[in-house]
Every structure is written in C-alpha cells, then in structure tokens.
Amino acid sequence: MMNETNGVKPHTTVTVSTDPSVSQSLEIRLNIGYFKTLPGITKLIQLAIGVICMACASPAKGVGFVRGTTYGLGHNHWFLFVVVTCFIVTLVWTFFYLLQIREFIKIKLPFTFLWIEVLYTFIATAFYVIAFIVLLAGFGWCAGTSDCDARITGGVFAIVNSIAYGIGAWLVYKEYNATPPELQ
C-alpha cells in the first residue's frame, strides 16, 4: 500500500563545502614570447602567405570553354583545399602555442604534441609543393588573362609558402631532436 507520500521516495540532502585555502587558477595566460622566436615567426609568415594564396586563387573557377570543357577547375579546387586546410591547422597550432594548451593537458597520451607537429609540417610542406605544381600546371598555359594571372600569382605565393613550411618543418624537427622525451 502507498503511504502518505503518494509513492514518492524521500530524498537525501548532500552538503558540499569547499576549502577556500586551496585555489585553482583558471586564468588564461597568453604566450606572446613564442611569436618572437623563429618557429613562432615562421608560423605567422605561413598564415599571412596562406591568406594571400587564398585571396589570389578564390573563387575556384576554371577558364576556357573548348567543346564545353572548363580547364583548371579541378586544379583550383585542389589548390584551395590544400591551402585552406593548412591554414586552419596552422591556425590551430598557433592558438595551441598562444594559449599554452600543452601545460593544461595532464593525462598521459600515446603521442607527443611536438611529434604530431613535426608530422604535420612535413606533410603540409609536401602537399603545398604538390598544390602549387598542380595550380601552375592548370593555369600556366593561359597567362595574360586576369583570371589566369591571379591563379598564377597564387601559385607563386604557394612556392614561397612551401619554402616557409619547409623551414618550419626543419625548425620543429630540430626542436624535437633537442628536447628530452619527458619534456615533449
């Protein structure tokens, strides 16, 4: 039979008290000093040249209509895919260093962030080299028209950015080899 509470079980009250002497800091400290080092400057250069590459190669379109075919559209799509992807990932790495996220992650991971950055920068360098070759191959034949010249300019800036990514890969690899495993 139901009692006077109409089937509702009595509840338990829990009181939580905190110790004011123990403080946990949730402040955000920005690491501006990283961007005064050579790897930090290289990341900023990669981002700036990436914006120029995106501006020169956008919007993605082809040129020329021979028997209904547009040339260069796939070349432009691939180039913008590589440039935008590398830009976003480099921006994430920039915020990773700016906000000092590595110091806040306390769990043991099966990888080190420095090794992931080494892999990323080498892969980004290779993709940038492929992307500028593809773009210049797709639009090099029509130099002299405004649509082609903008894409060729984007390809030339991509050459410069692939050199910047190569320098960044070398710097990160050098830092990876110089850092003891317990500090990575």
Side-chain angles (χ1 to χ4, degrees), residues 31-32 34-99 101-102 111-179 184:
N31 185 9
I32 304 294
Y34 174 76
F35 299 103
K36 295 177 183 176
T37 66
L38 198 53
I41 293 169
T42 305
K43 275 189 188 43
L44 295 177
I45 290 171
Q46 293 165 354
L47 289 173
I49 297 174
V51 169
I52 295 170
C53 289
M54 287 186 279
C56 289
S58 296
K61 62 181 181 178
V63 294
F65 294 94
V66 179
R67 288 178 266 156
T69 305
T70 302
Y71 290 105
L73 184 62
H75 302 85
N76 206 350
H77 282 165
W78 169 253
F79 179 79
L80 283 174
F81 169 74
V82 169
V83 170
V84 170
T85 303
C86 289
F87 178 81
I88 290 171
V89 175
T90 303
L91 192 63
V92 168
W93 278 112
T94 301
F95 283 115
F96 180 81
Y97 282 105
L98 179 67
L99 300 175
I101 294 173
R102 182 177 18 195
F111 56 85
T112 63
F113 289 110
L114 201 52
W115 176 243
I116 297 296
E117 189 178 7
V118 168
L119 287 177
Y120 163 68
T121 51
F122 276 112
I123 291 170
T125 303
F127 275 126
Y128 246 102
V129 168
I130 294 168
F132 81 71
I133 290 171
V134 166
L135 188 73
L136 293 177
F139 288 95
W141 62 274
C142 62
T145 62
S146 63
D147 286 338
C148 289
D149 287 346
R151 269 99 187 135
I152 292 170
T153 304
V156 171
F157 275 105
I159 293 171
V160 175
N161 213 9
S162 64
I163 293 169
Y165 271 96
I167 292 170
W170 177 71
L171 291 171
V172 172
Y173 181 73
K174 195 169 82 168
E175 181 183 354
Y176 177 75
N177 281 339
T179 306
Q184 294 179 3

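Within the model, atoms SG of C86 and CG of L47 stand 11.0 Å from one another, a figure rounded to the nearest 0.5 Å. Put simply, CZ on F132 and SG on C53 are 11.0 Å apart, with the number rounded to the nearest 0.5 Å. For the atom pair E117 CD and E175 CD, the distance stands at 7.0 Å (nearest 0.5 Å). Taking CD1 of I163 as the reference point, atom CD1 of I49 lies at 9.0 Å (rounded to 0.5 Å). Rounding to the nearest 0.5 Å gives a distance of 6.5 Å between OG1 of T94 and CG of L44.
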### Query
Going through the distances and angles, do F96 and W93 end up as a ring pair (Phe, Tyr, Trp, His ring centres under 6.0 Å)?
CA-CA 5 Å; F96 180 81; W93 278 112; 5.1 Å; yes
### Task
Begin from the C-alpha positions of I159 and L136 and carry the test side chain to side chain contact (heavy atoms under 4.5 Å, CB included) through to its verdict.
CA-CA 10 Å; I159 293 171; L136 293 177; 4.1 Å; yes
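Side-chain atoms of T179 and L114, non-hydrogen and from C-beta on, do get closer than 4.5 Å to each other. Between L171 and T37, the closest side-chain pair of non-hydrogen atoms is not below 4.5 Å. At least one side-chain heavy atom of Y34 sits under 4.5 Å from a side-chain heavy atom of P39.
Considering all non-hydrogen atoms of both residues, A158 and Y128 come closest at O-CD2, 3.7 Å. Considering every non-hydrogen atom in both T125 and T121, the closest pair reads OG1-O, 2.7 Å. Closest of all the heavy-atom pairs between M54 and V84 is SD-CG2, 3.5 Å. Residue V51 comes nearest to F87 through the heavy atom pair CG2-CE1, 3.6 Å, listed as atom of the first residue, atom of the second, then distance. For G155 against L135, the heavy-atom pair with the smallest separation is N-CD2, 3.6 Å. Of all the heavy atoms in F95 and I101, the pair that sits closest is O-CD1, 4.1 Å.
In Y173, the OH atom is not crowded: 12 or fewer heavy atoms of neighbouring residues, nucleotides or ligands sit closer than 6.0 Å. Heavy atoms from other residues, nucleotides or ligands lying under 6.0 Å from CZ of F157 number 12 at most. Shown here is F127, whose CZ atom has no more than 12 heavy atoms of other residues, nucleotides or ligands within 6.0 Å.
A donor-acceptor contact closer than 3.5 angstrom is absent between the side chains of Y97 and K43. Y165 and T90 share a side-chain donor-acceptor pair at under 3.5 Å.
Checking F122, Y120, Y176 one by one against W115, the ring pair (Phe, Tyr, Trp, His ring centres under 6.0 Å) holds for a single residue, Y176.
Note on ring orientation: taking the six-membered ring where Trp is involved, the planes of F111 and F113 are perpendicular (angle over 60°, cut-offs 30° and 60°).
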